[in-house]
Visitor: 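Below is a structure I'd like to ask you about.
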Protein chains: 2
Amino acid sequence: MDNISTRERIVSAANKLFYREGIRAVSVDAVAEEAGITKRSLYYHFKSKDDLVAAYLDYRDLPNLKAFRRWFADAAGRLEDRIGAIFDNLAEAAQHPKWKGCGFLRTSAELANMPGHPAIVVGAAHKKKIEDWLASCISAEGMENAEALARQIRLLLDGSFAVAMLHRDPSYFRTAGEAARVLVRAGRTTPATEILA
Amino acid sequence: MDNISTRERIVSAANKLFYREGIRAVSVDAVAEEAGITKRSLYYHFKSKDDLVAAYLDYRDLPNLKAFRRWFADAAGRLEDRIGAIFDNLAEAAQHPKWKGCGFLRTSAELANMPGHPAIVVGAAHKKKIEDWLASCISAEGMENAEALARQIRLLLDGSFAVAMLHRDPSYFRTAGEAARVLVRAGRTTPATEILA
DNA sequence: AAAGGTATACCGACCAGTGAGTGTACACAA
DNA sequence: TTGTGTACACTCACTGGTCGGTATACCTTT
């Protein structure tokens, strides 16, 4: 078996550097140094940089999902307000000076020329989880068009990640939150067949 | 004066390679070779790779804007249908095997660790232009909440770029287009103060 | 019109540094 | 004694960027 704590130190170092600088901008040497080991030891735990990148995203998967769930659970009001709260919390988080957008989206953008890359698989799975979770929240409220609505909200989510990062302006999250509220309300009063294409 | 045609050959080569592979994945040597010149000559026309990257995005600015304007102008129906047509055309374009998402967004994601990078400035300006143009289209229809609505639609636009690329699934453009239609309709029946935060 | 100067546009060769990934040896624990 | 985990030293291709030099064209000045 692996020495867990070393492996975790490596992934944590990778998370710090890859999120801050990007994938190709960070060398394996830099990750090893940040983790306080040699590169050769890193290659004992990971068979390639590509695998390390996938592990980096995997490392972010659960904490991310949990934050979303918490924000939603802690919010009061109707469904649209609780979904809106997710965007408000994101706007808050994006004010932190170390915030650099969504690691999953940034990585997938950087590796867009390698479709089957393990990190892209992890990233796509993460985003699907978010979408599915949103759909479950919506259908728990008795709405029938949950999947379509969840997709639309997810589009606003990822759109605000991209735009807030580009302009370094967290207020786009609030704009997106408002749009999400409108969509939820519209979905409640309109039959699903009109929302779908 | 510069020899225009050489400079243009360089930018065109940069466009081809940077869009296909990403910024850091493409060396200056590779661009020079694609342009059929030596690296030394490339550095005669551009003072650094960073400048070349900015020129690459600048090269995409106008054609992109024109496509959007054309799609909107050629579409029939009400405002929501003409805006929806943009998304439908994007869905169409994204089916092309060479489609790799939005070059502006991908570049800004890759260079997110260099906020003042000339290419990011160009990218942000391009996206602002799109947003402003959308707002002008909306207010031309006599709607008062044009800026807020344009922002929301732009969020859906960039969101679908990111998501369609991640999953390699152009259908997200159509989902986003449907959401945009809903937002336009809601904006017509609701006073602006309720749309804004 | 000849001579000289200057700016444009290009190239081959090179530099110091960095990239991902390896071969081998050594320490420790079961 | 066998397997796990770590380190040093290494390969070799490639990186952005630069040096010195050349061919051509145009613009003066005589």
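We name chains A, B, ... by the order of the sequence lines, and we start the count at 1 in each one.
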Visitor: CG of L17(A) versus C1' of dT18(C): gap in Å, rounded?
Guide: 16 Å
Visitor: Output a table of donor-acceptor pairs, distance under 3.5 Å, between side-chain atoms of residues 51-59 of chain A and any protein atom two or more places apart or on a different chain; print 'none' if there are none.
Guide:
none

Visitor: At under 4.0 Å between heavy atoms, how does the protein contact nucleotides 10-17 of chain D? Give one character per nucleotide, 5' to 3', with B, S or -.
Guide: -----SBB
Visitor: My understanding is that only residues two or more places apart in sequence, or in another chain, count here; which of them pass salt bridge (charged side-chain N to carboxylate O under 4.0 Å, His left out) with D29(A)?
Guide: K39(A)
Visitor: Who pairs with F72(A) by ring-ring contact (aromatic ring centres under 6.0 Å, His included), at least two apart in sequence or on another chain?
Guide: W133(A)
Visitor: Which residues within residues 106-118 of chain B lie with some heavy atom under 4.0 Å of an atom in DNA chain C?
Guide: none
Visitor: Are the ring centres of F161(B) and F173(B) closer than 6.0 Å?
Guide: yes
Visitor: Check the phosphate of dT4(D) against H45(A), side-chain N and O only, distance under 4.0 Å to OP1 or OP2. Yes or no?
Guide: no
Visitor: Once you round it to whole Å, what is the distance between P of dA13(C) and CG of L42(B)?
Guide: 19 Å
Visitor: Rounded to the nearest angstrom, tell me the gap between atom OH in Y44(B) and atom P in dC11(C).
Guide: 12 Å
Visitor: Round to the nearest Å and state the distance from R9(A) atom CZ to dG5(D) atom P.
Guide: 13 Å
Visitor: If the condition is salt bridge (charged side-chain N to carboxylate O under 4.0 Å, His left out), which residues does R60(B) pass it with, not counting sequence neighbours?
Guide: none
Visitor: Within the distance-only criterion (no hydrogens, no angle test), does the side chain of T107(B) pair as donor or acceptor with the backbone N or O of G103(B) below 3.5 angstrom?
Guide: yes
Visitor: How many Å lie between CD1 on I37(A) and C1' on dT4(D), as a whole number?
Guide: 14 Å
Visitor: Nearest-Å distance, CZ (F46(A)) to C1' (dA20(C))?
Guide: 16 Å
Visitor: Do we get R151(B) above Y172(A)'s six-membered ring, with its NZ or CZ under 6.0 Å from the centre and within 45° of the axis?
Guide: yes
Visitor: Is there a donor and acceptor pair, one atom on the side chain of R40(A) and one on the base of dG23(C), closer than 3.5 Å?
Guide: yes
Visitor: Answer yes when D61(A) and K129(A) have at least one side-chain N-carboxylate O distance shorter than 4.0 Å, and no when they do not.
Guide: yes
Visitor: Kindly say if T6(B) contacts the phosphate of dA9(C), meaning a side-chain N or O under 4.0 Å from OP1 or OP2.
Guide: no
Visitor: Once the angle between the rings of F104(A) and H126(A) is folded into 0 to 90°, is it parallel (under 30°), tilted (30 to 60°) or perpendicular (over 60°)?
Guide: parallel
Visitor: Less than 4.0 angstrom between a side-chain N/O of S41(A) and OP1 or OP2 of dT6(D), yes or no?
Guide: no
